[in-house]
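Reviewing the structure listed below.
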Amino acid sequence: MSERTLDKAYEPTAVEERWGAYWIDNNVGAPDLSSGKPAFSMVIPPPNITGALHLGHALNSTLQDILARYKRMTGYNVLWLPGIDHAGIATQNVVERQIAAEGLDRHKVGREAFIERVWKWKADSGGTIINQLKRLGATCDWSRLRFTMDDGLSKAVREVFTSLYAEGLIYRGDYIINWCPRCHTALSDLEVQFDEKDGSLWYMDYPLKEPVSGMTHLTVATTRPETMLGDTAVAVNPDDERYKALIGKTVVLPFTGREIPIVGDDSVSVEFGTGVVKITPAHDFNDFDVAKRHDLSAINVMDIDGRMNENAGPYAGLDRYAARKKIVADLEEAGLLGKIDRHKLMLGECYRCSTVVEPRLSKQWFVKVEPLAKAAIEAVESGEVRFVPKGWENTYFDWMHNIRDWCISRQIWWGHRIPAWHCADCGHVTVDTLDPASCAKCSSVSIEQDPDVLDTWFSSALWPFSTLGWPDKTEELEAFYPTTVLSTSFDIIFFWVARMIMMGKKFLGKAPFSDVYIHALIRDAQGQKMSKSKGNVIDPLVMIDKYGTDAFRFTLAVLAAQGRDIKLAEERIAGYRNFCNKLWNLARFTLMNLGEEDIDLSIEAPLNMADKWIMTRRSVCINEVKGALDEYKFDEAGRALYRFVWHELCDWYVELIKLDLRGEHGPERKAASVHVLLTVFTDILKMLHPFMPFITEELYSYLPGAGKSIMATEFPSAGRQYAEASDMEAVMDVIRVIRNIRVELNLAQDAKTDCICFANDGHLREVLEKSEEYIRLLAKVKEFEVRESSERPGNAASGIASGDNEKTVEVFIPLAGLIDYDAEEKKLRKELDKVVVEFEGVEKRLSSEAFVGKAPADVVEKERARLAGLQEKKAKLEEGIERIRSMKA
RNA sequence: GGGCGGGUAGCUCAGUUGGCAGAGCACAGCCCUUACAAGGCUGGGGUCACAGGUUCGAGCCCUGUUCCGCCUACCA
């Protein structure tokens, strides 16, 4: 026994500090490679180096930590590998802002110096999130913390790039990509977010070079008039009767005078606008495809800032929106502007800075994903990778089947620089894992490395194996690849999960994980997305300070139902803070009774009914928790524990054994009760430990014979389930009925009443007689009597308890002279009404030939028994009402 | 436009192969009963979105309707 005494209420702060430090100092997350236990491994989705812990991280890390702790306690060799992502654009933005405050920009600072600044920033303030994860209690193996820009991981990146390039799966070329005019870089399709905006649809006339059957011009409809300067064709649907004849003819582009062809293309809708589309291959994805089909040239009319360039003639130098205004005005002046419709459109924005992106033609590096995607699709189809919940597999397939090549080059400085060197003499591109000294083709030393860096997600895609030492053949890779489960949120299935599967299949021949657990998204109590601008953000660290980490973790776990968003209200956390306190006080009660006198726990006293009941419920609870956790149903596991601890152990068992504990039934009985209480309490601590690691460590340390840490104990196994448990339930129901009557009669809290029970079953009568003490104690009963004949006593309030269907107990509370007959009658009638409705329902069902003939025999049997019970109950109530009426008269 | 999920108590949500509609919070009444007032006991509260269908029996399965949320898409 510890010398420490427990305060009346749980105070998390000191406990969390102490145990948090203990786990870190002993690096409890470290696996033992020589243990011979089966492996369980996870890689953490690496948070951005710029990030602070938000609810998404808190949820995901909590769930992963629950798995890690649970698996350790059930005999696995667990590796949970932590890390951080270098987050290219995000990090560069942060440091750019920093130097902007000094009146500099990155170009003035220079590439080398800028990158040094980023590393310095990382050293100073990067990775605070790691400490926040530790605060949450995450038992990662912190000795294996990885960063995507580490040497080892960079080596993996080069290996993969070189290999894919050699196979022709990485190529470079002029393609249209999403361009952020503020970040000055290409973005992948995924890095663009769409938002519906109000816009306009302008109708403008392009004159035909030569009139055709009376037509002098074509009217095109566009949402972006400024791009007309880059038009290289207009297109119509080849089946459109209005314009069919014009295909192959020529129009003259206003302002520039350029002559451009009219082409026929299926992608043009006959119904929309005028049925004529201007084609701007350099600034529109669809137009780019049309141009490829018709071999049209492309004219880029904007620069990297989104301003019009020298190809825009008189508009050169104007911002794209200023150019739009001016062009519309000029068209109007020239009499070429038709009507203007209001039009809703989806505008793409940069996911980092929300600037409207500009489709732009430029030279970029791409991964040819189709062959990679094929293997990745098969991995899921074959069941090698399983999504939980399964519904996400469809989302995954949809995307994978329609996947476009992945633009992997970014025109920024922070990231993995593309390992390609351009030769100034022969133009050859040398790609190698090591920096080459000369051109691989002509041996010229005038080579220069490609200025671009790789998309951040390129290194993330390698995360499950690069962190384990690949491309080297390491012990870790052998032991822990493929990992067991990846836990993440659905919004990065495409960014990350799919690409990891592709790369894992490609380079290791095995998908990087067998289960993908997709957790819910957290919203506020009203179901709104949390965002800084709405001011509805809940900061996990504030919640931890306020309610304690354990309460916070438990809340997240209980709300994490599969397939549904989480609406998080602060009151929920407060509720589970109360649960922590309940547990704390249960511990105080348990320890108090272990207390001063030495209880000989080795006495093997026989279990009584209450003991057998709680031991049975314990087994049920263990099965529920294990079953739920094995299926990633954290909410079910948490709820089962909550119910068992509070509503079964605390509300009932603790109350039932109080007489034992006072020693009223002798030392043996006391020892038995304490023994059972301690057993169940210890198991509860163990089962709750994955959810609430701090308080359970603390309370466990007070238990007699406790080891250093609860983490080293084994997760409980279910034991025997006793038939007597249902006897206990019947007694509990009688107690509930008496309590109910007492409240309805408005009796003083401490008033004692007598009680007479009639049971229609011999066994039940025995059980009740045996349980006299429980009933006296918990229902405040003075004289207690079990009678065989169902003769209703005179002045008495009554109620009926039902155990199993046909077994009923009629309960009477005699109250000489005190009874309010009207109230009693009203109460009985109300109860009778309920019973009658139920009775008639069952009777009707049983009288139906169809039911008796077709329903399974056990169902019919159950219904018959139920009917008999209801019949009994109904008769008793009717008799009771009759009796009351006669007494009234 | 296509796809996915959801609609169950005032609120947030469970609801197992179809077989007695549940929990937490909130609310109301009575209690500081020696583990816990961050607590205890008791109670009220439901047209399971709507309309059909299958079935002995539907919150659950099928069809349609409707509302909400999300993902996705080249009607310029």
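Numbers restart at 1 for each chain; the letters A, B, ... are given by sequence-line order, proteins then strands.
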Subject >> Separation of the P atoms in B:G15 and B:C61, to the nearest angstrom >> reply: 12 Å
Could you go through nucleotides 72-76 of chain B and list every protein N or O atom that sits under 3.5 Å from one of its N or O atoms, giving the distance for each pair?
unit_1: B:C74; atom_1: O2; unit_2: A:Asn286; atom_2: OD1; d: 3.0
unit_1: B:A76; atom_1: OP2; unit_2: A:His343; atom_2: NE2; d: 2.8
unit_1: B:A76; atom_1: N6; unit_2: A:Ser269; atom_2: O; d: 3.2
unit_1: B:A76; atom_1: N6; unit_2: A:Phe272; atom_2: O; d: 2.6
unit_1: B:A76; atom_1: N1; unit_2: A:Ser269; atom_2: N; d: 3.3

**OP:** Can you check whether any acceptor in the base of B:A38 is under 3.5 Å from a donor in the side chain of A:Arg577, or vice versa?
**Re:** yes
Original post:
Mapping A:Tyr10 and A:Asp398 to their closest nucleotides on RNA chain B, which lands nearer the 5' end?
Top reply: A:Asp398
**OP:** Pick base, sugar-phosphate or nothing for A:Arg639, based on heavy-atom distances below 4.0 Å to the nucleic acid.
**Re:** sugar-phosphate
Subject >> Base-paired stems in RNA chain B, each at least three Watson-Crick or G-U pairs under 3.5 Å >> reply: B:1-7 with B:66-72, B:10-13 with B:22-25, B:27-31 with B:39-43, B:49-53 with B:61-65
Short heteroatom pairs, N/O only, protein and nucleotides 40-45 of chain B, under 3.5 Å:
unit_1: B:G40; atom_1: OP1; unit_2: A:Lys582; atom_2: NZ; d: 3.2
unit_1: B:G40; atom_1: OP1; unit_2: A:Trp646; atom_2: NE1; d: 2.5
unit_1: B:C41; atom_1: O3'; unit_2: A:Arg739; atom_2: NH1; d: 3.4
unit_1: B:G43; atom_1: OP1; unit_2: A:Asn740; atom_2: ND2; d: 3.1

Original post:
Can you tell me how far P of B:G5 sits from CG of A:Asp491, to the nearest Å?
Top reply: 18 Å
**OP:** Return the value, rounded to whole Å, for the distance between atom CG of A:Leu594 and atom C1' of B:A35.
**Re:** 13 Å
Original post:
What nucleotide, of B:G39, B:U12, B:G19, holds the atom closest to the side chain of A:Arg845?
Top reply: B:G19
Subject >> Euclidean distance, atom CD of residue A:Glu636 to atom P of B:A14 [Å, nearest integer] >> reply: 10 Å
**OP:** Using a 4.0 Å heavy-atom cut-off across all strands, classify A:Val654 as base, sugar-phosphate, or nothing.
**Re:** base
Original post:
How far, in whole Å, is B:C13 from B:U72 if one measures between their P atoms?
Top reply: 23 Å
Original post:
Of A:Leu347, A:Leu345, A:Asp341, which meets side chain to side chain contact (heavy atoms under 4.5 Å, CB included) against A:Thr223?
Top reply: A:Leu345
Subject >> Integer angstrom distance from the C1' of B:G64 to that of B:C75 >> reply: 29 Å
**OP:** Among A:Trp202, A:Tyr203, A:Phe272, find the one that has a ring-ring contact (aromatic ring centres under 6.0 Å, His included) with A:His343.
**Re:** A:Phe272
Atom pairs and distances, donor-acceptor, side-chain atoms in residues 572-579 of chain A, under 3.5 Å, two or more places apart:
none

Original post:
Quantified in whole Å, what is the C1' atom distance between nucleotide B:A58 and nucleotide B:U47?
Top reply: 15 Å
Original post:
Parallel, tilted or perpendicular: which fits the ring planes of A:Trp392 and A:Phe490, with parallel below 30° and perpendicular above 60°?
Top reply: parallel
Subject >> Distance, rounded to the nearest Å, where A:Tyr653 contributes OH and B:A35 contributes P >> reply: 16 Å
Subject >> side-chain hydrogen bond (donor to acceptor under 3.5 Å, both in side chains) between A:Tyr206 and A:Asp231, intermediate numbers included >> reply: CA-CA 11 Å; A:Tyr206 286 5; A:Asp231 286 1; 2.6 Å; yes
Original post:
Please give, in whole Å, the distance from B:C25 P to A:Leu568 CG?
Top reply: 16 Å
Original post:
Phosphate oxygens OP1/OP2 of B:A14: is one of them under 4.0 Å from a side-chain N or O of A:Lys633?
Top reply: no
Original post:
A:Leu745 CG to B:G29 P: how many Å, rounded?
Top reply: 19 Å
Subject >> A:Cys580 versus A:Ala551, closest heavy-atom pair with distance >> reply: SG-N, 3.8 Å
**OP:** Specify the closest pair of heavy atoms between A:Pro359 and A:Phe285, including all atoms of both residues, with the distance to one decimal.
**Re:** CB-CE1, 3.8 Å
Subject >> Distance, P atom - from B:G18 to B:G59, rounded to whole angstrom >> reply: 13 Å
**OP:** Before giving the answer on ring pair (Phe, Tyr, Trp, His ring centres under 6.0 Å), spell out for A:Tyr547 and A:Phe552 the whole-Å C-alpha distance, their side-chain angles and the decisive distance to 0.1 Å.
**Re:** CA-CA 7 Å; A:Tyr547 301 105; A:Phe552 180 62; 9.1 Å; no
**OP:** Calculate the interatomic distance between A:Tyr576 atom OH and B:A23 atom P; express it in whole Å.
**Re:** 14 Å
**OP:** Scan A:Glu838 against the nucleic acid and name what it touches under 4.0 Å (heavy atoms): base, sugar-phosphate only, or nothing.
**Re:** base
Original post:
Counting any heavy atom closer than 4.0 Å, what does A:Cys580 reach on the DNA or RNA strands: base, sugar-phosphate only, or nothing?
Top reply: nothing
Subject >> Exercise: identify the closest heavy-atom pair between A:Pro281 and A:Ile176 >> reply: O-CD1, 3.5 Å
**OP:** Determine: side-chain N/O of A:Asn581 to OP1/OP2 of B:G39, distance under 4.0 Å, yes or no.
**Re:** no
Subject >> All pairs passing salt bridge (charged side-chain N to carboxylate O under 4.0 Å, His left out) where residues 636-652 of chain A contributes a residue, at least two apart >> reply: A:Arg617-A:Glu648, A:Glu624-A:Arg643, A:Asp635-A:Arg639
Original post:
How far does the P atom of B:U8 sit from the matching atom of B:C50, given to the nearest Å?
Top reply: 10 Å
Original post:
Should the pair A:Lys854-A:Glu849 be classified as a salt bridge under the 4.0 Å nitrogen-to-oxygen rule?
Top reply: no
Subject >> P gap between B:U33 and B:G40, integer Å >> reply: 14 Å
Subject >> Polar contact flag, side-chain donor to acceptor under 3.5 angstrom, A:Tyr175-A:Asp405 >> reply: no
**OP:** Taking side chain to side chain contact (heavy atoms under 4.5 Å, CB included) as the test, write out the residues that go with A:Asp287, two or more places apart.
**Re:** A:Ile279, A:Thr280, A:Asp284
**OP:** Return the value, rounded to whole Å, for the distance between atom OH of A:Tyr642 and atom P of B:C36.
**Re:** 18 Å
Original post:
Does A:Lys658 put a side-chain nitrogen or oxygen below 4.0 Å from OP1 or OP2 of B:A35?
Top reply: yes
**OP:** Could you pick out which residue, A:Glu655 or A:Thr395, lies toward the 5' side of RNA chain B when each is mapped onto its nearest nucleotide?
**Re:** A:Glu655
Subject >> Minimum heavy-atom distance between A:Thr219 and A:Val276, given as atom pair plus value >> reply: O-CB, 3.5 Å
Original post:
Which value, in whole Å, describes the distance between the C1' atoms of nucleotides B:C31 and B:C70?
Top reply: 48 Å
